[in-house]
S.K.: 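Below is the structure I would like to discuss, written out as structure tokens.
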Amino acid sequence: MVTEWSKIENVSQLSPDWKVVALQSFSSPKKNSFVNGPFGSDLLSSELVDEGMPVIYIRDIKGGRYQRKSTVCVTSEKYNFLPACQVEFGDVLVSKVGDPPCEAAFYDVSEPGIVTQDVIRIRPAN
């Protein structure tokens with residue numbers, strides 16, 4: 001379903017200082033500046049733990065903000081095994097699915113984490 005807010009031509013009406021730009025115009029040119037979380041056997045449910053590095057799900061991205069609702073983590077060893085999926089302060093998180101899809105938020109937490117398969121992480125240029 002297409003709503004008024006989701007039409008590109010209406011973005012500038014939300015705020016006069018907003019403009020539509022290509023993601024490449026603000027993302028880092030480095031490899032893995034656009035990634036989503038691990039697939040299949042790269043992250044098994046048996047590897048999820050109660051304490052450690054946070055795992056970021058789409059439910060953590062709502063209303064244009066990152067607010068951690070999930071309590072799932074991975075060990076630092078697993079975190080280090082998934083460098084392309086890592087999230088750090090200043091990254092942009094975008095949900096791939098959900099209602100509405102493409103909900104986005106700035107990751108404003110100092111603690112690094114990893115994204116799940118349903119979350120896109122964009123690393124802005126420095």
Side-chain angles (χ1 to χ4, degrees):
M1 176 170 92
V2 176
T3 60
E4 286 302 310
W5 66 265
S6 64
K7 294 179 183 176
I8 293 287
E9 61 270 13
N10 292 335
V11 169
S12 62
Q13 294 173 13
L14 295 173
S15 179
D17 53 338
W18 284 24
K19 61 183 175 177
V20 176
V21 298
L23 293 174
Q24 293 88 343
S25 70
F26 72 87
S27 67
S28 171
K30 295 180 183 175
K31 182 180 177 180
N32 294 323
S33 63
F34 289 86
V35 297
N36 60 321
F39 286 95
S41 63
D42 287 338
L43 181 60
L44 302 172
S45 59
S46 61
E47 296 174 301
L48 301 175
V49 295
D50 293 332
E51 293 182 6
M53 310 302 283
V55 177
I56 299 163
Y57 290 87
I58 60 171
R59 65 180 164 260
D60 300 324
I61 306 166
K62 290 292 178 204
R65 296 192 53 189
Y66 169 75
Q67 292 183 305
R68 184 157 163 80
K69 295 183 190 298
S70 56
T71 59
V72 177
C73 298
V74 293
T75 64
S76 57
E77 292 80 20
K78 189 63 179 183
Y79 170 83
N80 290 327
F81 178 75
L82 299 168
C85 303
Q86 295 174 358
V87 177
E88 58 187 45
F89 181 87
D91 288 343
V92 176
L93 306 171
V94 181
S95 64
K96 287 175 43 179
V97 297
D99 187 20
C102 299
E103 184 102 41
F106 174 72
Y107 190 71
D108 59 354
V109 178
S110 60
E111 178 182 34
I114 64 166
V115 291
T116 60
Q117 175 178 332
D118 294 335
V119 176
I120 299 167
R121 189 259 301 140
I122 303 170
R123 179 138 311 139
N126 292 334

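In this chain, residues are counted from 1 in sequence order. Computation of the quantities below employed the complete heavy-atom set of this structure, encompassing side-chain atoms and omitting hydrogens, waters and symmetry-equivalent molecules. These figures come from a predicted structure and were not determined experimentally.
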S.K.: Does Asp118 pair with Lys96 as a salt bridge, N-O distance under 4.0 Å?
M.R.: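 Salt bridge absent between Asp118 and Lys96.
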
S.K.: Between Ile61, Val87, Val35, Asn36, which is the residue that forms a side chain to side chain contact (heavy atoms under 4.5 Å, CB included) with Val119?
M.R.: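 Result: among Ile61, Val87, Val35, Asn36, Ile61 is the only option passing the side chain to side chain contact (heavy atoms under 4.5 Å, CB included) with Val119.
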
S.K.: Which heavy atom in Pro54 sits nearest to a heavy atom in Tyr107, and how many Å separate them?
M.R.: CG-OH, 4.4 Å

S.K.: Not counting sequence neighbours, which residues clear side-chain hydrogen bond (donor to acceptor under 3.5 Å, both in side chains) with Ser70? List them please.
M.R.: Asp60, Arg68

S.K.: Is there a donor-acceptor pair closer than 3.5 Å between any side-chain N or O of Ser27 and the backbone N or O of Pro124?
M.R.: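 Between the backbone of Pro124 and the side chain of Ser27 there is no qualifying donor-acceptor contact (under 3.5 Å).
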
S.K.: Could you state the interatomic distance from CZ (Arg65) to CG (Leu93), rounded to the nearest 0.5 Å?
M.R.: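 CG of Leu93 is found 13.0 Å from CZ of Arg65.
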
S.K.: With a 6.0 Å cut-off (strictly less than), is the heavy-atom count around CG of Asp50, excluding the residue itself, greater than 12?
M.R.: no

S.K.: For residues Glu103 and Lys62, report the shortest heavy-atom separation together with the two atoms involved.
M.R.: OE2-C, 3.6 Å

S.K.: Apply the hydrophobic cluster definition, ILVMFWY joined by side-chain contacts under 4.5 Å directly or through others, and give me every member besides Val55.
M.R.: Leu43, Leu48, Met53, Tyr57, Val72, Val74, Tyr79, Phe81, Leu82, Ile114

S.K.: Could you tell me whether the side chain of Arg121 and the main chain of Glu88 form a donor-acceptor pair under 3.5 Å?
M.R.: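 Side chain of Arg121 to backbone of Glu88, a donor-acceptor pair under 3.5 Å: no, none is there.
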
S.K.: Out of curiosity, Arg123 CZ to Phe34 CZ, how far, rounded to the nearest 0.5 Å?
M.R.: 12.0 Å

S.K.: What distance do Lys78 atom NZ and Cys73 atom SG have between them, rounded to the nearest 0.5 Å?
M.R.: 14.5 Å

S.K.: Side-chain contact test, heavy atoms from C-beta onward, threshold under 4.5 Å: evaluate it for Lys30 versus Ser33 and give yes or no.
M.R.: no

